[in-house]
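So that the names make sense, note that chain A is the first sequence line, chain B the second, and so on, each numbered from 1.
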Number of protein chains: 2
Amino acid sequence: MSVLPVSRGGAGDGTAPGAAPAPRRASTRRRLFEAAVVLIAEQGFSATTVDEIADRAGVAKGTVYYNFASKNVLYEELLRDGMDLLSGSLRRAADATVAAGGSHVGALDAMIRAGLDFIAGSPALMQLYVAELWRTNRTWRATLTSVRGRALTVVESVLHDAVAAGELSAELDISLTASALLGMVLVAALDWQSFQPDRSVEDVHAALSRLLQGRVAGGP
Amino acid sequence: MSVLPVSRGGAGDGTAPGAAPAPRRASTRRRLFEAAVVLIAEQGFSATTVDEIADRAGVAKGTVYYNFASKNVLYEELLRDGMDLLSGSLRRAADATVAAGGSHVGALDAMIRAGLDFIAGSPALMQLYVAELWRTNRTWRATLTSVRGRALTVVESVLHDAVAAGELSAELDISLTASALLGMVLVAALDWQSFQPDRSVEDVHAALSRLLQGRVAGGP
DNA sequence: ACTTTTAGACTGACCAGTCAGATCAAAGGG
DNA sequence: CCCTTTGATCTGACTGGTCAGTCTAAAAGT
């Protein structure tokens, strides 16, 4: 029996440094993530039992603890994993737009679309993110702050470039604006999924885009 | 001993139909609300125990159950109470602006300010609202849908008036825009409180106002 | 006189985390 | 080829603790 079956330090997805690409563990972990994200989004972290997660993933309870040090750790790694996907998706959307010769404002618009698509694809992840983000709770503060920072940085960098290119006013408060934009997309997307699922992505995108481009209260 | 010590039907704040304006109960209920909102915002609903709530309110556990049928009911009434305050505050801000001869877009701006002030005054309530709003969970679905609807209606009515007055384009998707605006304010305010508490309300208001008035990507 | 609060013991259910043993898959050995 | 070994992976009954909700008799408030 090994001393510590799971990742000991910080960043660990299961694959050991120089060893083989990890056998079934990866698959088991993935199934546990998938089960946990849905259940926790539905019921909340505390209300979701480890037994439920194990059941839904089709494994025994012990397996959960073989793969993750605790329920808390499972949640943290889940969060990190998922939010990294979102940040990556936003970044790619922005880069692609700029690479294709689009404006920086166009890149912002592309990020809105990418955000909507992402949330439409896996609303549960975003639900569990916003549900915990502003807790004064110490437990996951570090993890949450870190994933929030990574997503915000992407938006901020695009805003920064846009200002540098003269597309946006230099008076813009980049940090606050990035947070507001992210919030706008987040809430609109979750509201859309929960309360108006009949609307198309295009509708939602158009409404947000209009807001971004100042065609609500300012523009022509 | 009475059959059911607490409100039997739907809307009950403690004052019986024709009786006296309720003795100490009102005060006890208020203290329980105040204790619960802070604890639940910090830790989440499931992680907060009834004993903790009673302790913090300086009341015996039995008193909680004398005043509320269950932990769930306490939470629901808390939510309804608090969100009604927010809706009222938004409505008043809008009405005051229009009454003072301001534009409808000005009313929107005033609502943004009112929302920020409200959240700054009691961030806990809003934390617990967003933490539960998008849960697929059946338990409080009805309550949450209802309080969300009441707040959104206020924003939608102002948007509607603005369109009617020709201040905003008739192509505006009122429902989606209202949801996006509310989300923008909500997230910006919570982010401000949690991650940039050093910023002033004016800064945050200015950033959001700029977004609303199209001076981010569209304006002059 | 009637309502409201107290203090806290108690219960029955539920749950995170543990552990000793079962099972698997891969790499030899014959 | 089939058999054995080895370590990694998985299993599920079990433990110790926690918590919502109940109940009491008496005290306090109005």
Side-chain angles (χ1 to χ4, degrees), chain A residues 1-8 12-32 35-36 39-40 43-76 78 139-140, chain B residues 1-8 12-33 35-36 39-40 43-76 139-140:
Chain A
M1 20 176 129
S2 52
V3 186
L4 268 179
V6 242
S7 55
R8 304 139 351 259
D13 68 299
T15 38
R24 0 174 214 173
R25 285 198 68 161
S27 141
T28 304
R29 287 174 60 102
R30 213 196 52 246
R31 272 158 60 211
L32 284 170
L39 289 169
I40 298 181
Q43 311 174 323
F45 176 82
S46 305
T48 300
T49 70
V50 174
D51 287 281
E52 283 175 320
I53 297 174
D55 274 2
R56 186 178 235 267
V59 299
K61 187 178 193 176
T63 303
V64 177
Y65 286 93
Y66 179 75
N67 283 281
F68 300 94
S70 68
K71 191 186 171 188
N72 271 299
V73 169
L74 164 57
Y75 175 75
E76 280 178 36
L78 168 61
T139 328
W140 313 296
Chain B
M1 6 152 147
S2 52
V3 186
L4 267 181
V6 242
S7 57
R8 299 123 18 245
D13 68 298
T15 40
R24 335 170 239 177
R25 284 197 69 160
S27 142
T28 303
R29 286 173 61 98
R30 214 197 52 246
R31 273 158 58 209
L32 283 170
F33 276 163
L39 289 169
I40 298 181
Q43 310 174 325
F45 176 81
S46 306
T48 301
T49 70
V50 174
D51 287 279
E52 281 175 323
I53 297 174
D55 274 3
R56 185 176 233 267
V59 136
K61 187 177 186 176
T63 304
V64 176
Y65 284 93
Y66 182 75
N67 283 278
F68 299 95
S70 68
K71 191 186 169 188
N72 270 298
V73 169
L74 164 57
Y75 175 75
E76 280 179 35
T139 329
W140 314 296

Hey, mind stepping through F45(A) and F45(B) against ring-ring contact (aromatic ring centres under 6.0 Å, His included) and telling me if it holds?
CA-CA 10 Å; F45(A) 176 82; F45(B) 176 81; over 10 Å; no
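Rounded to an integer number of Å, the gap from L32(A) CG to dT9(D) P is 14 Å. Across the protein-nucleic acid pair, R31(A) atom CZ and dT9(D) atom P stand 14 Å apart, rounded to whole Å. Summarising the geometry, the separation between CG on N67(B) and P on dT4(C) is reported as 8 Å, rounded to the nearest angstrom. Summarising the geometry, the separation between CZ on F68(B) and P on dT4(C) is reported as 13 Å, rounded to the nearest angstrom. Summarising the geometry, the separation between CG on D55(B) and P on dA7(C) is reported as 11 Å, rounded to the nearest angstrom. Atom OH in Y66(A) sits about 18 Å away from atom P in dG21(C), given to the nearest Å.
The side-chain contact (heavy atoms from CB on, under 4.5 Å) with N67(B) is formed by just one residue from the set V59(B), T28(B), V73(B); it is T28(B).
When atom types are taken as modelled, the side chain of K61(A) and the backbone of E52(A) share no donor-acceptor pair closer than 3.5 angstrom. No donor-acceptor distance shorter than 3.5 angstrom exists from the side chain of R56(A) to the backbone of A35(A), with no hydrogens or angles considered.
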With B for base contact, S for sugar-phosphate-only contact and - for none (protein heavy atoms under 4.0 Å), nucleotides 12-29 of chain D reads B------SBBB-----BS
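Ring planes of W140(A) and Y75(A): tilted class, angle from 30 to 60°.
Taking all atoms of both residues into account, the shortest heavy-atom contact from E76(A) to T139(A) is OE2-O, 4.1 Å.
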